[in-house]
Each structure stands twice: as C-alpha cells, then as structure tokens.
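Letters go in sequence order (proteins before strands), and every chain restarts at 1.
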Amino acid sequence: MQKFYVTTPIYYPNARPHLGSAYTTLIADSFARLYRSLGYEVFFLTGVDEHGEKIERTARAKGFSPKEFVDKMAVEFKKAWKKMDITYDRFIRTTDEDHEETVKDILAKIYNKDDIYRGKYEGYYCVACERYYTEKDLVDGKCPYHLKPVEKRKIDSYFFKLSKYKDRLIEFYNSNPSFLPPNYKREILDRLSELKDLSISRPKEQLSWGIELPFDEKHVTYVWFDALLNYLSGIGYISNKSLYQQFWPPDIEIMGKDIIWFHCVIWPAILMSAGLELPKRQVAHGFLTVDGRKMSKSLGNVVDPVEVVERWGHDALRYYLLFKVPFGSDGDFSWKIFEEMYSKELVGNIGNLANRIVVLSHKLLNDVVEFEVDERLSREVNTIIDNLNILSKNLDVERIISEGYSRVISFAGMLNAYLNEKEVWKTKDKNDMMNLLESLYILSVLLEPILPQASEKISSLFDGRKRISELKPFGKNVSKLPSEKRVILYKKEV
RNA sequence: AGCGGGGUAGGGUAGCUUGGAGUGCCCGCCGGGCUCAUAACCCGGAGAUCGGUGGUUCAAAUCCACCCCCCGCUACCA
C-alpha cells in the first residue's frame, strides 16, 4: 500500500490559533482525508513549537513558567483543531521527550560530520527588547520598537555550515523540479547566491528555554534548528522506528509563504548533512487580508477561525479557503463573499440537492429497486475518481484543488440539472430516481475531503462512511433508502 | 534599489509550463422554465481590444523584449 506523509509547520503558541494557522491546517487536513480515501496509508502531523525567547518572555509576563504556559497553549490548539475535525495522527510538541532526543541525535550527527563550528554571532542588542536585531532591522541605527540606541554585541554561538550546501541544493532543485513551490522558485534560487552560515545556538545565560546542545551543555539550540526537526521526531525517528521507516520522507509539507526559506533551504541542508532523505514537495499558500485590509487588532477586523467555525461550521471555512482563495497566492477573506458562498453554494447547491433527492426518494420509492445505470452519470463519476487518483499520485496539490475538487462540486450541479431535465417528480421514474440516489451517495463519499460535515451527514443516511477506494461500480452502492425523510446539511440562517 | 508574484467581461478566478477560433467556473445583471426542494433548482442571454507597445509565428491570453500599475520578499522575531 502506498504511503502519504503530510505535515503542517508547528505553530508558535504565544497566542491562540489564528486564521493563518487554521488555513494551513485545514488544507493539510483536506489532503490527509483525500489520500486516506483513495486508499493510501496516511500520517498527518501537526503541533506546536514551544521553545524560544518569545515564549519564555510571554510566559513570565503572565506569571507562568514557560512549561506551564505552553501546556496551556497546547490545549488551546488541540481544542481549536478538534472544533474543525482536524484528523491529525500526532500532535507534536517540541517539549516532547522524543523530540528533544531527536534534536540531540541530529545535532550530534552533524557535529561529527564537521558541519558545526564555534563562532561569534554579532548583532545589535536592544536592552529594552532583550533581543538582537540585524543591521537591516534598525531604524536610523536604533531599535525599531523603542527607537533607542542599540549596542553592538558579540556572543558565542555555534554555526551550521549552511553555505557548504549551496551547490548541492541547486543540484537537488534541478533534479527534483517539483520540490520548490512554483511561485517562489526563482526567488529562492536567486537568494541562494548570498547563502551564509546559520547561527544555531545561544548561550544558556541568555536563553535557557531550549534544548541543550549535545556537545556543549552551556548552549541551547536556537529556533529553527529545533523546530524543523519536528518532522523527524513526529514520525518516530527516535520513538518508533518502524513507523519512521514506513513514512519517511514527507510527501508534502504545507506552510504559509513566510517560512518558505526555512523549509526550502535550511531544512534540506540539515537533512543532507544528516544523510537523510529529503521531502518530496514543499507547498506554500499565501496570506489573507480581511475585506481587503491587513488583519490587525487596531482595525478590529481580526477573524477568529474558531468563532467562524462555531457559527458556520468548518465546512464553510474549508470551502472558502479551498475555492475562494487562489492556492499559492495571497487572497482575501471577504465576509460578503463568505456569506454569499454559504447561501448560494453550500445551502443552495449542495444542501438543497441532498434534500431534494432524499425527500423525493421517499415519495417515489418504497425500497431500492434494480435499475439501469445512466451512462452520463457513471462516466462522470469514473472520470472524477480517475482524475483524483492521477493528481494525487503526482502530488499535484494545486490541481487537486482547482481541477479535482472543482469537478466534485460540479457533479452536484450536474445532479441538480439532471433532476430538472428528467422532471423526476412528474414522471415518477424509478430508474431515474435510483440513479440520483446512487449519485448522491457517491457524492457524499467524494465530498469527504472537501466538506466533511456534509459528507458525514449524507453517508449516515445510508450505511456510514466509506472511502473512495471502497466504492463499487456505479449502480452497486446504494442498498437501502435514506434513513430519514429529509436532510438539512446547512441551515439557511445561522 | 535588487529580486519575485500578479494585472483575463461589473467583481472574483481558472486557463499560460507542452501556442491553435476568447474556452471554463463563482457572484451580480437581463429573459424564460420548473414547483420535488432550505423563496432553493434548471435553461438561455448581455457583457472582455485576455494591463500597454512592439516582435516571433500560418496562428499568442499562452513565447520574446520594453513599458505602466498593484502586491510581496531581501533571512537567524516566529
């Protein structure tokens, strides 16, 4: 059986999940569901990145220890994902024991390979912020927040020989053309020319909330080095060898466009140094504005994904993110479009269709009957499934959404048209009715990655949830009438 | 500034890698149909010099050059 390993970044839990992290997670979840449905063995990893200065400071400011604080925040994230029916297989925390061991193991490997050296990190330190800035961050040579003078400070730090991997990275990109997100490919290649080594540690007296270096107990790992390795520890690099062997490497890693550099350059270089296989595809989505404006607290237009989901259901949010935001580019979360989409496409197209068919089936039939398959419907179903299989095999996630998923939604439109064309309520044709019932059932299976709530509601009227890979030929799937006489997938008023 | 992404009917998008009649989708608008259905559904129509100019070609939204407009990125804060 083929495997599929999909990841989201681990989110920084200094605040509750926001629309951006929900976006990444819902998209990843959709793919996890799709591949499962197509019969793949799937592992879906998400989690939180709990180390670092900012967490330490936020925690202390609120009167908690870092660990107490992240324990609370991890729960917040899990609750949010539960509300969205996120089907992750593991929720990793960088304070998990096996993660810490993984980081130490990889660091030791790289150190022994002579890819880590001791040096001086030079930066501009703002006493008020208690952090370093690079020269470019500064405003008139001063701290950008406090506008106070900064001190140039040198600290001991270990460096990863990132620059050493420049040529090998380029070579890798060339021989694996689908690795980089298409929209950002040229930018990354361009920036690669100025590749510098990466500071990967901080002395403990400056930062204590992190994972200790295996070769120097006075230092802890710094930010990304720790975070990126979650993809290894999460799949059992230390704790579950057989799982690791089954799933490594990730098939797709999904992220927002802000962290492309880390995933496309630093991450592969680390893996090269450690002698491990690289992920197959890095997939980046864009950022969202709200009604055309940047989301900000001062504008008061912050969209809380949990609130959206509580009111409208997670189907609506998924559907919006999948179809109303061009995947890979920036998009807008427009309340007007969102509400229109809800009432036109979810209530009117999908929801109304399901109810029409269910109600009508009870009016026309006492029980299911043998019927002659409508070729047009059956051919369309086969085409949809073939298409999804091909796109999935190629990890062509952009087209899975724009072609594969769109076609599933169009199928609902096709059924509405079929119903009108045949005027089934008038002819009372049992053959047509059975074709529609069969189609509705198959539609519910196809919808599972796109609209899991609707899918669940429809399939529960028949005999429960099925995978696409378990579907029988068109005409052989429905064995009983819907268990209810009507079904409301989406309420008109919410 | 350098680099990158985008500019397709009133709005939003797909198509561009591998050129072939402006082809598709959602919303809005106009006209018709239907009454099984959550005033939902279906059909038809109007509406685009595919940002501009020039080039390659029998043929360009699609390839090349230049220009204009919008938006990002330029890394050790995640």
State which of rA75(B), rC26(B), rU38(B) makes the closest approach to the side chain of F262(A).
rA75(B)
Using the C1' atom as the reference point in each nucleotide, state the distance between rA48(B) and rA21(B) in Å, no decimals.
15 Å
Minimum-distance nucleotide to W425(A) side chain [options: rC36(B), rU38(B), rC76(B)]
rC36(B)
When the P atoms of rA9(B) and rG19(B) are considered, how many whole Å apart are they?
24 Å
Need one value for V424(A): base, sugar-phosphate or nothing, where a base atom within 4.0 Å counts as base even if backbone is also close, heavy atoms only.
nothing
Would you mind telling me which of rC71(B), rC36(B), rU38(B) lies closest to the side-chain atoms of D330(A)?
rC71(B)
Determine the Euclidean distance between corresponding C1' atoms of rG7(B) and rC50(B); express it in Å to zero decimal places.
10 Å
Considering only atom C1', compute the distance from rG54(B) to rU49(B) and round it to an integer number of Å.
16 Å
Determine which nucleotide pairs with rG47(B), using a 3.5 Å limit on both distances of a Watson-Crick or G-U wobble pair.
none
In the strands shown, is rG2(B) matched to any nucleotide by a Watson-Crick or G-U wobble pair with both distances under 3.5 Å, and which?
rC73(B)
Without hydrogens or angle criteria, can the side chains of N230(A) and R93(A) be said to hold a donor-acceptor pair below 3.5 Å?
no
Can you check the E339(A) CD to rG28(B) C1' distance for me, whole Å?
16 Å
Given the structure, check if the side chain of N352(A) and the base of rA37(B) hold any donor-acceptor pair shorter than 3.5 Å.
yes
More 5' along RNA chain B: I350(A) or N420(A), using each one's nearest nucleotide?
I350(A)
Looking only at side-chain atoms of S199(A), point me to the closest of rC34(B), rA14(B), rC76(B).
rC76(B)
What is the base-pairing partner of rC36(B), counting Watson-Crick and G-U wobble geometry with both distances under 3.5 Å?
none
Length of the line joining E421(A):CD and rG44(B):C1', which is rounded to integer Å
14 Å
Would you say the ring centroid of F215(A) lies under 6.0 angstrom from that of Y158(A)?
yes
Taking only the P atom of each, what is the distance from rC42(B) to rC25(B) in whole angstrom?
12 Å
Check this one for me: any side-chain N or O of R486(A) less than 4.0 Å away from OP1 or OP2 of rA37(B)?
no
Can you tell me the pairing partner of rA9(B) across any strand shown, Watson-Crick or G-U wobble, with both distances under 3.5 angstrom?
none
Mind checking the P distance from rG12(B) to rG45(B)? Whole angstroms is fine.
25 Å
Touch check for N14(A), heavy atoms < 4.0 angstrom, all strands: base, sugar-phosphate only, or nothing?
nothing
Using whole Å, report how far CD of E423(A) lies from P of rU35(B).
7 Å
Closest nucleotide of RNA chain B for H51(A) versus for M341(A): which of these residues is on the 5' side?
M341(A)
Could you check whether E253(A) and W267(A), counting side-chain N and O atoms only, form a donor-acceptor pair closer than 3.5 Å?
yes
Hey, do the aromatic rings of F179(A) and H263(A) have their centres closer than 6.0 Å?
no
Is it true that R60(A) and E56(A) have a side-chain N and a carboxylate O under 4.0 angstrom from each other?
yes
Looking just at side-chain N and O atoms, do D49(A) and Y11(A) make a donor-acceptor pair shorter than 3.5 Å?
no
Taking CZ from F327(A) and P from rU13(B), how many angstroms apart are they, rounded to a whole number?
16 Å
Send over the distance from E56(A) CD to rC77(B) P, rounded to a whole Å.
15 Å
Tell me what G351(A) touches on the nucleic acid: a base, only sugar-phosphate, or nothing, going by heavy atoms under 4.0 Å.
base
Audit row: E345(A), K324(A), salt bridge (Lys or Arg N to Asp or Glu O under 4.0 Å) steps and yes/no
CA-CA 12 Å; E345(A) 299 180 50; K324(A) 304 298 159 183; 2.7 Å; yes
Classify K196(A) by what it touches in the nucleic acid, base, sugar-phosphate, or nothing, heavy-atom distance under 4.0 Å.
base
Is the distance from OP1 or OP2 of rU13(B) to the nearest side-chain N or O of K324(A) less than 4.0 Å?
no
Expressed as a whole number of angstroms, how long is the span from W261(A):CH2 to rC3(B):C1'?
12 Å
What is the pairing partner of rA59(B), taking Watson-Crick or G-U wobble pairs with both distances under 3.5 Å in any strand?
none
Rounding to the closest angstrom, what is the interatomic distance between rA14(B) and rC3(B) at atom C1'?
27 Å
Tell me which nucleotide among rU38(B), rC41(B), rC34(B) gets nearest to the side chain of K492(A).
rU38(B)
Classify Y490(A) by what it touches in the nucleic acid, base, sugar-phosphate, or nothing, heavy-atom distance under 4.0 Å.
base
Given rA75(B), rC36(B), rC41(B), identify the nucleotide with an atom nearest to the side chain of N416(A).
rC41(B)
Distance in angstrom units between Y405(A) OH and rC26(B) P, rounded:
20 Å
Quantified in whole Å, what is the P atom distance between nucleotide rC63(B) and nucleotide rG47(B)?
29 Å
Of all the nucleotides listed (rC43(B), rA40(B), rG28(B)), which has the minimum atom distance to the side chain of K344(A)?
rG28(B)
Looking at W312(A) versus F338(A), is the centre-to-centre ring distance below 6.0 Å?
yes
Tell me what K363(A) touches on the nucleic acid: a base, only sugar-phosphate, or nothing, going by heavy atoms under 4.0 Å.
sugar-phosphate
We want to know whether N14(A) and T58(A) form a side-chain donor-acceptor pair, criterion being a heavy-atom distance below 3.5 angstrom.
no
Whole-Å distance between rC25(B) P and E340(A) CD?
18 Å
Report yes if at least one side-chain N or O of K422(A) is closer than 4.0 Å to OP1 or OP2 of rC36(B); otherwise report no.
no
Counter-base of rU17(B), judged by Watson-Crick or G-U geometry with both distances under 3.5 Å:
none
Could you check whether E345(A) gets within reach of a base, just the sugar-phosphate, or nothing at all, counting any heavy atom under 4.0 Å?
sugar-phosphate
Name the nucleic acid region contacted by L489(A), choosing base, sugar-phosphate or nothing; use a 4.0 angstrom heavy-atom cut-off, strictly under.
base
